Engineer: 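Pasting a structure here, questions to come.
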Amino acid sequence: MATADRAESVPHHGTVSRDVFTTRLGVITATLGSAVGLGNIWKFPYLAGANGGAAFIIVYLLCTLVVGLPVMITEHVIGRTARGDAIASLKKLAPGKSWWLIGASGILASFLIMAFYTEVAAWVFAYIVKAIQGAVLSTDPAVTEAAFAELVTSPVQSLVWQWIVLAFIAFIIALGVSKGIERMTKRLMPALFAILIIVVIRSVTLPGAAQGLEFLLKPDFSKVTGATVLTALGLSFFKLSVGMGTMITYGSYFLDDQDIPATATRVMLSDVLVSALAGLAVFPAVFAFGFQPESGPSLLFITIPAVFSSMPFGQIFMILFFVLTAIAATGAMLSLFEVPVAYLAGTLNWDRKKATVAVLIGLAVVGSTAALSNSLLADVVFPGIGTFFDLWDYLTSNILLPVGGLFLCLFAGWVLKWDKLKTWLTNNGNLDNQGIIRAFYLVVKYVTPPLVLIILLSGLNLF
Ligand code: PFF
């Protein structure tokens with residue numbers, strides 16, 4: 001690792017110092033920290049189970065190779081080359097053109113994702129405390145459901161927990177890129193793997209675990225339909241945190257000699273591994289105690305407490321499980337929070353602490369609409385979408401992320417062109433990865449854009 005270490009700040013444009021990631025490991029833990037999130041725990045495993053087990057995992061890997069991964073590489077190379085925030089990077093690479101609007105849409109998207117993501121994270125943090133207190137220790141899903149309803153319908157609890165989460169993330173962000181994000185994720189990611197493995201061992205060694213293993217892993221290609229492929233394509237966006245400038249922003253902190261395609265591929269594979277392990281931590285136990293597999297909030301906050309309450313020393317495993325989920329959500333939120341902060345501190349030249357406080361206040365205001373979606377604002381319903389919480393989710397997942405991804409690919413494939421990309425992705429010819437880059441270029445130019453267009457149209461119910 002010695003060669004990868006370097007000074008904490010590199011000179012930027014000759015005058016201003018930019019805080020960046022200082023080690024290769026830090027680049028990986030921060031980027032993987034962004035990809036790994038709630039999606040690995042409540043989305044991916046259930047989708048895999050319901051859509052053909054290992055068959056879905058294979059389909060997802062293929063979809064990621066042609067959609068999520070090329071967009072991630074594109075974002076990293078844009079950020080690393082331009083060394084700016086989401087808007088500044090695009091302005092620098094395409095001066096006088098409108099491509100910076102992708103960055104603007106990205107900043108908006110990360111802000112809006114934070115608005116609802118922090119509320120789910122708020123419930124997770126609240127559940128660590130509830131698990132410690134034994135407040136959700138019941139094998140009866142009706143009881144755990146009532147406990148969850150009590151939390152989400154309380155405006156005070158929803159808001160306070162969201163503020164706690166926001167303040168925690170803002171505190172790390174204010175410490176800086178290397179001393180905050182990098183240092184934190186370097187500690188958190190190994191902890192995440194360690195806890196995950198402990199819970200997996202507990203879950204798969206329970207009597208009756210086999211059924212859960214079968215649900216998650218037994219390949220059943222008959223369940224793979226067009227809709228499954230579409231789900232996997234869309235999932236690869238949210239999962240890999242692409243389409244909203246997060247990876248441009250993180251890319252701008254990468255080392256000059258970082259091998260971008262290799263880094264992105266490692267992150268993508270590790271992320272799938274975390275999803276598979278999360279499935280192994282949950283579903284064998286779910287089946288062993290005769291519960292129904294679910295996804296989303298009902299899996300996390302209703303079924304899982306009941307499942308863990310059913311096993312010996314279940315409270316300890318429940319605490320570990322929610323700590324693990326909180327860690328996953330933290331890495332994702334750090335990357336989302338960093339996008340607007342990087343813009344305010346970069347393009348607008350604000351002091352980083354001031355930028356952090358401004359974003360914190362903005363998120364507390366907009367986020368409160370999501371926090372109150374089950375209580376004071378429950379009656380505000382957007383036709384065909386749902387509450388504010390659903391609105392932010394819909395706008396980002398169905399519109400902003402695919403639009404951002406589509407234009408990023410068009411930018412990489414049709415504006416930047418092969419010669420530049422080759423120079424940047426081989427680190428000025430220092431890496432022997434031309435074959436991989438060639439494949440990436442062809443995919444990003446011809447294959448990814450139509451596929452992203454299909455995701456976009458299907459998200460808008462037009463396909
Ligand atoms: N990748 C995260 C997850 O799977 O939960 C979610 C996410 C994080 C999306 C960061 C977007 C982002 F910028």
Side-chain angles (χ1 to χ4, degrees), residues 29-48 60 63-64 67-69 71-72 75-76 79 85-86 102-103 105-121 123-124 165 169 173 181 185 188-189 192 231-232 234-253 264 267-279 295-297 299-300 324-343 359 363 392-405 408:
T29 56
T31 313
L32 182 61
S34 171
V36 168
L38 295 164
N40 300 62
I41 292 161
W42 82 8
K43 245 185 195 161
F44 191 101
Y46 175 79
L47 283 175
Y60 173 79
C63 290
T64 310
V67 173
L69 193 62
V71 184
M72 189 188 249
E75 290 200 29
H76 285 164
D85 57 74
I102 309 174
S105 129
I107 294 174
L108 178 67
S110 47
F111 197 83
L112 294 181
I113 293 180
M114 270 302 264
F116 69 91
Y117 206 84
T118 46
E119 186 49 29
V120 184
W123 301 335
V124 173
V165 168
I169 300 299
I173 290 290
I181 300 173
T185 56
L188 288 181
M189 292 322 279
L192 179 131
T231 307
L235 182 67
S236 78
F237 258 85
F238 190 78
K239 245 348 298 69
L240 292 184
S241 313
V242 295
M244 86 253 2
T246 310
M247 291 298 169
I248 297 183
T249 308
Y250 271 18
S252 79
Y253 306 140
V267 166
M268 183 274 267
L269 292 174
S270 311
D271 178 64
V272 176
L273 178 67
V274 172
S275 295
L277 287 173
S295 71
L299 171 72
L300 213 47
L324 151 84
T325 309
I327 292 177
T330 297
M333 289 188 289
L334 285 174
S335 68
L336 288 162
F337 204 118
E338 178 64 20
V339 176
V341 169
Y343 169 71
V359 173
L363 282 173
W392 304 140
D393 185 12
Y394 177 84
L395 281 180
T396 51
S397 306
N398 293 33
I399 302 174
L400 292 175
L401 305 197
V403 169
L408 280 165

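From a predicted model like this one, the values you see are computed outputs, not experimental measurements. Just so you know, ligand 1 is whichever comes first in the structure, and atom 1 is the first atom listed for that ligand. Hydrogens, waters and symmetry mates play no part in the numbers below; they use all other heavy atoms, side chains included. One-based numbering along the sequence shown.
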Engineer: Which atoms of ligand 1 are found less than 4.0 Å from any heavy atom of Ser335?
Structural biologist: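 By the 4.0 Å cutoff, the relevant atoms are 10 (C).
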Engineer: Does ligand 1 have any atom that is closer than 4.0 Å to a heavy atom of Ser34?
Structural biologist: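 Distance cut 4.0 Å: Ser34 passes for ligand 1.
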Engineer: N/O to N/O below 3.5 Å, does that happen between Leu38 and ligand 1?
Structural biologist: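 Such a contact does occur with ligand 1.
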Engineer: Within 45° of the ring axis of Phe44 and under 6.0 Å from its six-membered ring centre, is that where the NZ or CZ of Lys239 lies?
Structural biologist: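 No.
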Engineer: Using side chain to side chain contact (heavy atoms under 4.5 Å, CB included), reason through Leu401 and Ile113 one step at a time and then give a plain yes or no.
Structural biologist: CA-CA 10 Å; Leu401 305 197; Ile113 293 180; 4.1 Å; yes
Engineer: Counting each atom of ligand 1 from 1 as listed, which ones have a heavy atom of Leu336 under 4.0 Å away?
Structural biologist: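 Contacts of ligand 1 toward Leu336, numbered from 1: 10 (C), 11 (C), 12 (C), 13 (F).
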Engineer: Suppose I only count heavy atoms of Thr246 and a 4.0 Å limit; which atoms of ligand 1 are within that range?
Structural biologist: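 Those of ligand 1 that fall under 4.0 Å from Thr246 are 12 (C), 13 (F).
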Engineer: Heavy atom of Tyr117 under 4.0 Å from ligand 1?
Structural biologist: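 The answer is yes, since Tyr117 has a heavy atom less than 4.0 Å from ligand 1.
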Engineer: How far is atom 8 (C) of ligand 1 from its nearest protein heavy atom, and which residue and atom is that?
Structural biologist: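 Going by distance alone, atom 8 (C) of ligand 1 is nearest to Ser241 OG, 3.3 Å.
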Engineer: With atoms numbered from 1 as shown, which atoms in ligand 1 lie under 4.0 angstrom from a non-hydrogen atom of Gly37?
Structural biologist: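 Selected atoms, number and element: 3 (C), 5 (O).
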Engineer: Just wondering, do Trp42 and Val120 contact through their side chains at under 4.5 Å, heavy atoms?
Structural biologist: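 A side-chain contact exists here, since the closest heavy-atom pair is under 4.5 Å.
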Engineer: Please report whether ligand 1 has a polar contact with Phe238, defined as an N or O pair separated by less than 3.5 Å (distance criterion only).
Structural biologist: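 For ligand 1, there is an N or O atom that lies under 3.5 Å from one belonging to Phe238.
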Engineer: Would you mind checking which non-hydrogen protein atom is closest to atom 4 (O) of ligand 1, with the distance to 0.1 Å?
Structural biologist: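 The answer is Lys239 NZ, 2.6 Å.
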Engineer: Hey, does Leu47 have a side-chain heavy atom less than 4.5 Å from the side chain of Tyr60?
Structural biologist: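 A side-chain contact under 4.5 Å is absent here.
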Engineer: Going by heavy-atom distance to atom 2 (C) of ligand 1, choose the closest among Gly39, Gly243, Ala35.
Structural biologist: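 Closest candidate by heavy-atom distance is Ala35.
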Engineer: Scan Leu336, Thr396, Val359, Leu400 and name whichever one has a side chain to side chain contact (heavy atoms under 4.5 Å, CB included) with Ser110.
Structural biologist: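 Running side chain to side chain contact (heavy atoms under 4.5 Å, CB included) over Leu336, Thr396, Val359, Leu400 with Ser110 returns exactly one hit, Leu336.
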Engineer: Heavy-atom contacts under 4.0 Å between Met244 and ligand 1: side chain, backbone, both, or neither?
Structural biologist: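 Looking at Met244 and ligand 1, just side chain atoms fall under 4.0 Å.
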Engineer: With side chain to side chain contact (heavy atoms under 4.5 Å, CB included) as the test, would you mind laying out the steps for Val71 and Met247 before giving the verdict?
Structural biologist: CA-CA 9 Å; Val71 184; Met247 291 298 169; over 6 Å; no
Engineer: Are Asp85 and Val339 close enough that some pair of their side-chain heavy atoms sits under 4.5 Å apart?
Structural biologist: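 A side-chain contact is absent here, since even the closest heavy-atom pair is not under 4.5 Å.
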Engineer: With a cut-off of 4.0 Å, which atoms of ligand 1 are near a heavy atom of Ala332?
Structural biologist: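 Listed by number with element: 8 (C), 10 (C).
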Engineer: Which atom pair, heavy atoms only, marks the closest approach of Leu363 to Phe111?
Structural biologist: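 Of all heavy-atom pairs spanning Leu363 and Phe111, the closest is CD2-O, 3.5 Å.
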Engineer: Less than 4.5 Å apart, any side-chain heavy atom of Ile248 and any of Leu408?
Structural biologist: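 Result yes, sub-4.5 Å side-chain heavy-atom pair found.
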